[in-house]
Every structure is written in structure tokens, then in C-alpha cells.
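To start, the structure under review is shown below, and the notes come after it.
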Amino acid sequence: MKKFCIFYPLLALAVLSCNKAHQPAPGEDENAWVNDESLRVPVQFASRTDVETKAINYGPITGSVMSSLDVGVISVAEKQSDGSPIVWDKSLEGSILIDNLMVTTSETGEIVFSPKIYYPFGNQYAYSFYSYYPYANINGEAASIVDGAYSITYDLGNTDILWANSVAEDYNGVAGYNAAYCRAVKQDGVESQYFPKLQYKHLLTAMVFKVVGKDSDIANYDVKVTGLQITNTSSKATLTVADSNGANSGVITGNGDGGSIGFTNLDVTPTATASELCTILAMPASNYTAEITLTVDGANQSTVELNIGSESTSYDAGYIYYFTVTINNPQEVTIIQTGLDEWIAGDYPDEGKEI
């Protein structure tokens, strides 16, 4: 399978907090902390890159930057400044720098926190950064610490789930990320390379369905597609955003309940020209079962089940797959794989083959 990668913005974050340390007065040099160790060092992220994709709740949308999205940001200590590892914990003072804050990306994909957060004096720890989207699930719950890990459970079907992290390597013998590290990097003018970066990736598979009538006489039937669901799949999934043991950070796990996800309230009339039906986001799998509901004459419903894929196929995280649901008549339905397009995309080996 030919695959093309497309990446999400590197968020430029400025995180703030209240403190009584010496801070630059209005009009003073905001970068005075670089050479003045009496000043606290703000948490800053490398500048974002321009991209041509964004993700929103209710499916992936292409054609603009990642903007106006509520993301969660977490920063925890995973080693001491001498390089020896530690296990972050609520009870270990200073080991959690950012305790799951919600921030909203701007129209240009940047994030601004108010008030700022600063790295601690003393440089005892070096911190890592983790971020995820959406910040809250359908019940309004954000990630919380359970068994030593920040995690969150989402309903699947129409939510694009993203995750990013940034773990620093040492710079000229200085462990990052902390105040000493940021000063060293800034003094050498290489912050764009060595400051924290958040590169988001999709954790689910996206399936875009279109519908079309096989020939022009479809107009003679009063038939509509009123539902499309993926069955025998996980209806929920839990994302481990940051694991204190370092084993499962960024891992998403389906609940394996054999449920259904998708839509039961569609109202799409097939025509001779393909039109958009719906987008479903699911756990990656080798194959799926699609359940398509047709309503004929405004009342009579029938359901058709079709397999999508086989044991030799693979529907991967971060890939978007396009399918065409062809209505031959009210009793006969087929699904055609029509190839892949940008999200992350590639060529399907049986492109155009009816399933």
C-alpha cells in the first residue's frame, strides 16, 4: 500500500502563572530571562508549521489550518536534571508542571495561556509534554489520573482523536526541558529546533462514504439511505495520554464490546451522481461490516450488511478511506472502494473493486 504522510501543526504555546519572582515590567525585554537568572523562564513551544489540514469534532475537515480547537496540555517530570529517571506522581512535589490544562488554538493554530506558567527555579527536574484532542468527551469529562496515568474515554463514531508528545534530549549536557535547558538553547539561537514541539497524529481510521444510484432509473424508486453503521466493533475507546511508567503513553484501546457506531438518522436520496453520505471514525482493523438501512416509499425499511475488507487488508490509524455505496435498486446494494485521499493517504491494492 502506498502511503503519504501529512502532519498537524506544531503548536506555539506560551504558558503562564502567577508568582512573586522578578518579572520584566511593561516595556522591558521579554527575553531578559535568557541571561538573567533572577527571572523565571516561561514555558514556550517552537513555532508551528503551516499545514493544509485540520481536524474537528464530528469528522476530519481538510483545507485550513488547525484552528479553534480545545486541546489538553499536560507536562510531567520523567527524569531529574542529572538524567536519572523518576516516576511523576501527585504526591511528588514539582513532578507535575502542567496538570491537564485546556487551551484553545487560535485561528492561526497558536495557543496562548493566561496567566503564564514558568519552569521552576532550581532545575531539579526535566519535563516532558503531552497533548490530546478533544479535551472533553461527550459527557464533558477531561483526562484524569487513574492508576498512575492520565486517561480519557471517548465514544467512537464521529470524533477525530489526536495525540502529541514532546520529550527532550539533552542539549550540550543539559537535561531538558527545564529553565537551564531553555537558557542554553536560547543563548545559542536554536530554539526552533530544540524547544518543545507538539506534532499531532490521528489515532483512528476514517471512512468516508458516498452514495450513488447505479443508473438513471434510480429516480423511479422512492428510496433513501437512512442509516449507515459499522457493526461488531468497539463503541468506545480509552486514550492513555501520559503514563507515569512510560509504557502506554499515546496508546488507544477499544472496549471490544462488539457494538455499532455510525448514523441512524440519515436522509440521503441516491442520484446518478455520487453525493456525500457520512464519515465514520473507528478503531483500526483488518476489516469491517457495514450495515446500510434503506427506506422505501417513506415507510418500508430494509437493512443490508456488507463486508468491507478481508483478512489481507488493513485499515490503519491516521488513514482516510473513501467508499461509494451503490444502490442498484431497493433490494441490491454494493460498496466500491474508490481509493484514498489526503489525511494520510495511499493507494488501496484493490482500488475500484466491488466488495
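Position 1 is the first residue of the sequence, and the numbers go up from there.
- A donor atom on one side chain and an acceptor atom on the other are found under 3.5 Å apart for Thr104 and Asp70.
- If you chain together hydrophobic residues whose side chains sit under 4.5 Å apart, Val34 and Leu39 fall into the same group.
- Distance check: Trp33 CH2 to Arg183 CZ gives 7.0 Å after rounding to the nearest 0.5 Å.
- In summary, the side chains of Asp188 and Tyr171 do present a donor paired with an acceptor at a separation below 3.5 Å, with no hydrogens or angles considered.
- If you look at Tyr315 and Tyr321, their ring centroids are closer than 6.0 Å.
- The salt bridge (Lys or Arg N to Asp or Glu O under 4.0 Å) contacts involving residues 166-178 comprise Lys79-Asp170, where partners must be two or more places apart or lie in separate chains.
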For residues 94-103, please give each side-chain donor-acceptor pair under 3.5 Å, one per line with the distance, not counting sequence neighbours.
from: Ser95; atom 1: OG; to: Asp89; atom 2: N; distance (Å): 3.2
from: Ser95; atom 1: OG; to: Asp89; atom 2: O; distance (Å): 2.9
from: Ser95; atom 1: OG; to: Leu92; atom 2: O; distance (Å): 2.8
from: Asp99; atom 1: OD1; to: Tyr150; atom 2: OH; distance (Å): 2.5
from: Asp99; atom 1: OD2; to: Lys90; atom 2: NZ; distance (Å): 2.5
from: Asn100; atom 1: OD1; to: Tyr132; atom 2: OH; distance (Å): 3.0
from: Asn100; atom 1: ND2; to: Tyr132; atom 2: OH; distance (Å): 3.3
from: Asn100; atom 1: ND2; to: Ala143; atom 2: O; distance (Å): 2.8

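- In terms of modelled atom types and a separation under 3.5 Å, the side chain of Asn178 and the main chain of Tyr181 share a donor-acceptor contact.
- Leu204 and Val251 sit in two unconnected hydrophobic clusters of ILVMFWY residues. Membership requires side-chain heavy atoms under 4.5 Å apart, directly or through other members.
- Under the 30°/60° scheme for interplanar angles, the aromatic rings of Phe129 and Tyr119 are found to stand perpendicular.
- No path of Ile, Leu, Val, Met, Phe, Trp and Tyr side chains, each step under 4.5 Å between heavy atoms, connects Val212 with Ile292, placing them in separate hydrophobic clusters.
- Leu203 places none of its side-chain heavy atoms less than 4.5 Å from the side chain of Met283.
- Counting heavy atoms from C-beta on, the side chains of Trp88 and Ser75 never come closer than 4.5 Å.
- Within a 6.0 Å sphere centred on CD of Glu37, heavy atoms belonging to other residues, nucleotides or ligands number 12 at most.
- Note on Val167 and Val87: separate hydrophobic clusters, where clusters join Ile, Leu, Val, Met, Phe, Trp and Tyr whose side-chain heavy atoms are under 4.5 Å apart, directly or indirectly.
- Here the side chain of Glu78 pairs no donor or acceptor atom with the backbone of Gly246 at under 3.5 angstrom.
- Without hydrogens or angle criteria, Asp257 side chain to Ser235 main chain gives a donor-acceptor distance under 3.5 Å.
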Donor-acceptor pairs under 3.5 angstrom involving side-chain atoms of residues 259-276: please list them, not counting sequence neighbours.
from: Asp267; atom 1: OD1; to: Lys224; atom 2: NZ; distance (Å): 3.2
from: Thr271; atom 1: OG1; to: Thr273; atom 2: N; distance (Å): 3.3
from: Thr271; atom 1: OG1; to: Thr273; atom 2: O; distance (Å): 2.8

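- Tracing side-chain contacts under 4.5 Å through hydrophobic residues (I, L, V, M, F, W, Y), one reaches Val174 starting from Val190; they form part of the same cluster.
- Checked against side chain to side chain donor-acceptor pair (under 3.5 Å), Tyr177 has the following partners two or more places apart in sequence or in another chain: Ser166.
- Between the side chain of Asp243 and the backbone N or O of Ser249, no donor-acceptor pair lies under 3.5 Å.
- Among Asp155, Thr153, Asn137, Thr253, the one residue that satisfies the side chain to side chain donor-acceptor pair (under 3.5 Å) test with Lys236 is Asp155.
- Remark: Asp147 engages no residue in a side-chain contact (heavy atoms from CB on, under 4.5 Å) (not counting sequence neighbours).
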Exercise. Begin with the C-alpha distance, continue with both residues' side-chain angles, and end with the deciding distance and a verdict on side-chain hydrogen bond (donor to acceptor under 3.5 Å, both in side chains) for Ser314 and Ser286.
Key: CA-CA 4 Å; Ser314 177; Ser286 61; over 6 Å; no

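- Side-chain N or O atoms of Trp163 include one that pairs as donor or acceptor with a backbone N or O of Val241 at under 3.5 Å.
- At least one donor-acceptor pair under 3.5 Å links the side chain of Asp29 to the backbone N or O of Asn31.
- Side-chain contact between Ile152 and Glu141: absent, with no pair of heavy atoms (C-beta onward) separated by less than 4.5 Å.
- For the salt bridge (Lys or Arg N to Asp or Glu O under 4.0 Å) condition, no pair includes a residue of residues 292-301, sequence neighbours left out.
- Side-chain polar atoms of Ser81 and Asn123 form no donor-acceptor pair below 3.5 angstrom.
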